[in-house]
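Everything below concerns the one structure shown next.
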Amino acid sequence: MNTFRVRCSALGKVMTSPRSKSEILSQTAKTYVEEQVLLAKYGIVKTFNSRYTDKGNLVEDESIKLASEVLELGFILKNDEHFSNDWVTGTPDVNTASLILDVKSSWDATTFPFFATEIPTKDYYYQLQGYMWLTGKQKSLLVYCLVNTPIDMVQDEIRRAHWNANLLEESLDLIDEVQKRHNFDHIPDNRRVKVFEVERDDEVIEQIKERVELCREYYETLYNFL
């Protein structure tokens, strides 16, 4: 049996607090562990796809380029190196000599955190702590980027809008509305990048380590049961 480790992108799940003090792990954490047991034991994979994640994957390089220009980071590329220790694994989006970048591409302007003063999702905080732990970095940036939706996806959205409106004939007004919803060229570049700085916290990393070890005990119990 392979040693159980948690992906940094899933640390938010295992770090959720249980509802009752008598429980060791939250139901969210247990569900994640159960999925990993089924994957390791029987190759059962839980897949998740959405247009939101599809866009993120398609525009990742463009978002990294926008972030590097606005933040004046110089020439940076997407990181392909995978890191692992005895507790966690992960592949940061960007790994420079001094910091980690995790880049999130917003679906549209309504999901972009223009006015947020704190990280919108705590899960990303734990993800970045994991990345800094793996790479030895002391500083990381969570960077939201607002870039145009790829044309093919916009065409899909136009078809979806016509379907939802029960329209058999093309509506030029509806087409224009959808296209405008997914084009952000009129917004200055510096307003299309939102940065949240996260410093390494070794106490949080110790908490992550302890929680992963509890998850590992649950994992081993389930694995041996099946």
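Computed from a prediction, not measured in an experiment: that's the story for all the values here. Residue indices begin at 1 and follow the sequence shown.
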R211 side chain vs V14 backbone, donor-acceptor pair below 3.5 Å: yes
Between T31 and K13, does a side-chain contact (heavy atoms from CB on, under 4.5 Å) hold up when you go through it step by step? CA-CA 9 Å; T31 298; K13 295 180 179 179; over 6 Å; no
Checking side-chain hydrogen bond (donor to acceptor under 3.5 Å, both in side chains) between K55 and each of T149, D108, N148, which is the one that passes? T149
Do the side chains of E157 and R51 get close enough for a salt bridge, i.e. N-O under 4.0 angstrom? yes
N-O pairing of D80 and K78 below 4.0 Å: no
Does R181 pair with E177 as a salt bridge, N-O distance under 4.0 Å? yes
Point-to-point distance, once rounded to the nearest 0.5 Å, from SG of C145 to CZ of R192: 8.5 Å
Chi angles and distances behind the side chain to side chain donor-acceptor pair (under 3.5 Å) call for Y218, E34: CA-CA 9 Å; Y218 185 57; E34 290 161 5; 2.7 Å; yes
Looking at D156 and R160, does any basic side-chain N land under 4.0 Å from a carboxylate oxygen? no
Using a strict 4.0 Å threshold on nitrogen-to-oxygen distance, state whether K46 and E35 make a salt bridge. yes
Kindly indicate whether a cation-pi arrangement holds for K194 with F112, taking the cut-offs as under 6.0 Å to the six-membered ring centre and within 45° of the axis. no
The side-chain contact (heavy atoms from CB on, under 4.5 Å) partner of F83 among N95, T89, V88 is N95
Salt bridge between K65 and E69, side-chain N to carboxylate O under 4.0 Å? yes
Around atom CD1 of I151, are there more than 12 heavy atoms from other residues, nucleotides or ligands closer than 6.0 Å? no
Please say whether more than 12 non-hydrogen atoms of neighbouring residues, nucleotides or ligands are located less than 6.0 Å from CD1 in I24. no
Would you find a donor on one side and an acceptor on the other, under 3.5 Å apart, between the side chain of R5 and the backbone of N85? yes
Would you check, one step at a time, whether the test side chain to side chain donor-acceptor pair (under 3.5 Å) holds for T16 with S26? CA-CA 6 Å; T16 55; S26 69; 2.5 Å; yes
Using only atom types and a distance under 3.5 Å, with no angle test, would you say the side chain of D176 pairs donor to acceptor with the backbone of L172? no
With L146, which of S105, S106, S63 fulfils side-chain contact (heavy atoms from CB on, under 4.5 Å)? S106
I'd like to know if R191 pairs up with D189 as an ion pair, taking the criterion as any Lys NZ or Arg NE/NH1/NH2 lying under 4.0 Å from an Asp or Glu carboxylate oxygen. no
Criterion salt bridge (Lys or Arg N to Asp or Glu O under 4.0 Å) on R216 and E213, from CA distance to verdict: CA-CA 5 Å; R216 182 174 292 160; E213 290 176 348; 5.3 Å; no
